[in-house]
Amino acid sequence: MYKNKYHMPSNRPNNGRNRKFNNRRPSRGPKKDYINPQRFIKAAVVREQADEYVPTNSFADFDVNPRLAQKIEQRGFESPSPIQDQIIPHGLEGRDVIGIANTGTGKTMAFAIPVLNHLMANPKAKAIIMAPTRELADQILEECKTLLSNSGLYWALLIGGAPMGTQLRDLNRRPNLVIGTPGRIKDHLERGSLQLHNFTMVVLDEVDRMLDMGFIDDMRDILKCIPAINRQSYFFSATIDPRVRNLITEYSKDPVSISVKTGDTAELVEQDVVHYSHPNDKVSKLQDILISDKDNKVLIFDETRRDVDKLNRSLRELGFKADLIHGGKTQGQRKRALDNFKRNKINIMVATDVAARGIDVDGVTHVINYSTPQSFSDYVHRIGRAGRAGRTGYAFTFIEKR
Ligand code: ADP
């Protein structure tokens, strides 16, 4: 059935026949770095148990508002993760903090606990949290809500692709907590619907990804609106390169730096390539991987929105429980697809790079690069999603045979 779908008529010039090299720039889609396919093949490293971290604090040790302490207890985590254990005490003291950590390390609670504690103790205080993607901003809000219920605090979620009306209404209530993506936050500053002169806490999550996505000017414009005096800043980044360092140096004051990076999460991923010679062959090889393991949870990357739409349609026609996420979908559609993936109602998510950034989904077993990533750092970021929490994951990269 899928054969015809992938059979390209010969009177169309740029439909794969001419793409001899796996990552030569296609006629559409982004420019790509050349990556030697050998770099997509690597055995997973088996972690030693000796890596186990012993926290210095328990959640009960943190000196927070009793109502917040109760919510933390109800959240049910046994003990603080390394980044939480090390950052929360400094955050509670009011220090500026730099957290160097991969995704999935528990960063959200590491900043949410001290920030929300401050907001609960000072009803006039205000905090802003910036994240690179709508999904990540939404996930941060969801995590904060578990600690905020019945606190009397207001929040606003300012993300692109979501209705302005709701955001304007939420802003009218003078929220204590604003969470959003830099582009939409900047829009509100320009419209005058958001003022930041009375904000004293700022969190930048995944600074490196925000810079990769070209948000530097928006971020600076936003940070400039928050008075430096009395400002407490948190910066989180998986990498500290000169761009990240410059931004932090400019906007922080005597920061304490905590690194919990234990090496690449990609180390935990068994990596291999899948050779294909024709688009029909490509989809049947994908099918082989998808049916090889019944309990798999698979994130598939493809290049453009159209590619993602088409692949998702084909997988559904083949009977797979798949959905998709890309920038052309509404926020509601993206959220629904992500929730279904999280709750295992579907086990395959087809995505573009941008839409998949910042997604935190537990238990992804396989990452499939149905088309090669733009750069090696994108590759590492993609496949790191499969090796979470010490489990071995699998990453397959499709390469066209010459
Ligand atoms: P990050 O922001 O570093 O990507 P998150 O804060 O989203 O990571 O946390 C990743 C996952 O771990 C989430 O599902 C979260 O609920 C869970 N988590 C956070 N803190 C703890 C903890 N102390 N113990 C166990 N699980 C935790």
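Remember, it's 1-based here, ligands and their atoms both numbered in the order they're listed. All values reported here derive from a predicted model rather than from experimental measurement.
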Fill in: Contact list for residues 155-179, test salt bridge (charged side-chain N to carboxylate O under 4.0 Å, His left out), sequence neighbours left out
Asp170-Arg173

Worksheet item: Is the closest heavy-atom distance from Arg75 to ligand 1 below 4.0 Å?
Response: yes

Worksheet item: For ligand 1, is Glu78 a contact, meaning one of its heavy atoms is under 4.0 Å away?
Response: no

Worksheet item: Polar-atom distance check: Pro80 versus ligand 1, any N or O pair below 3.5 Å?
Response: no

Fill in: Between Asp302 and His326, a side-chain donor and acceptor under 3.5 Å
no

Short list, please: which atoms of ligand 1 are under 4.0 Å from a heavy atom of [X]?
X: Glu143; answer: 15 (C), 16 (O)
X: Thr105; answer: 1 (P), 3 (O), 8 (O)
X: Phe59; answer: 23 (N)
X: Ser79; answer: 22 (C), 23 (N), 24 (N)
X: Thr108; answer: 2 (O), 5 (P), 6 (O), 7 (O)
X: Ser81; answer: 23 (N)

Response to the item:
Rounded to the nearest 0.5 angstrom, the OG1-OH distance for Thr372 and Tyr379 is 11.0 Å

Practice prompt. List the steps, then state whether salt bridge (Lys or Arg N to Asp or Glu O under 4.0 Å) holds for Asp281 with Lys285.
Written response: CA-CA 6 Å; Asp281 179 36; Lys285 292 226 158 115; 3.7 Å; yes

Worksheet item: Which atom names give the shortest non-hydrogen contact between Met349 and Leu324, and what distance separates them?
Response: SD-C, 3.9 Å

Practice prompt. For Glu142, look at atom CD and say whether over 12 heavy atoms of other residues, nucleotides or ligands are found less than 6.0 Å away.
Written response: yes

Item to complete: Scan residues 113-128 for pairs that pass side-chain hydrogen bond (donor to acceptor under 3.5 Å, both in side chains), counting only residues two or more places apart or in two chains.
Response: His118-Asn122

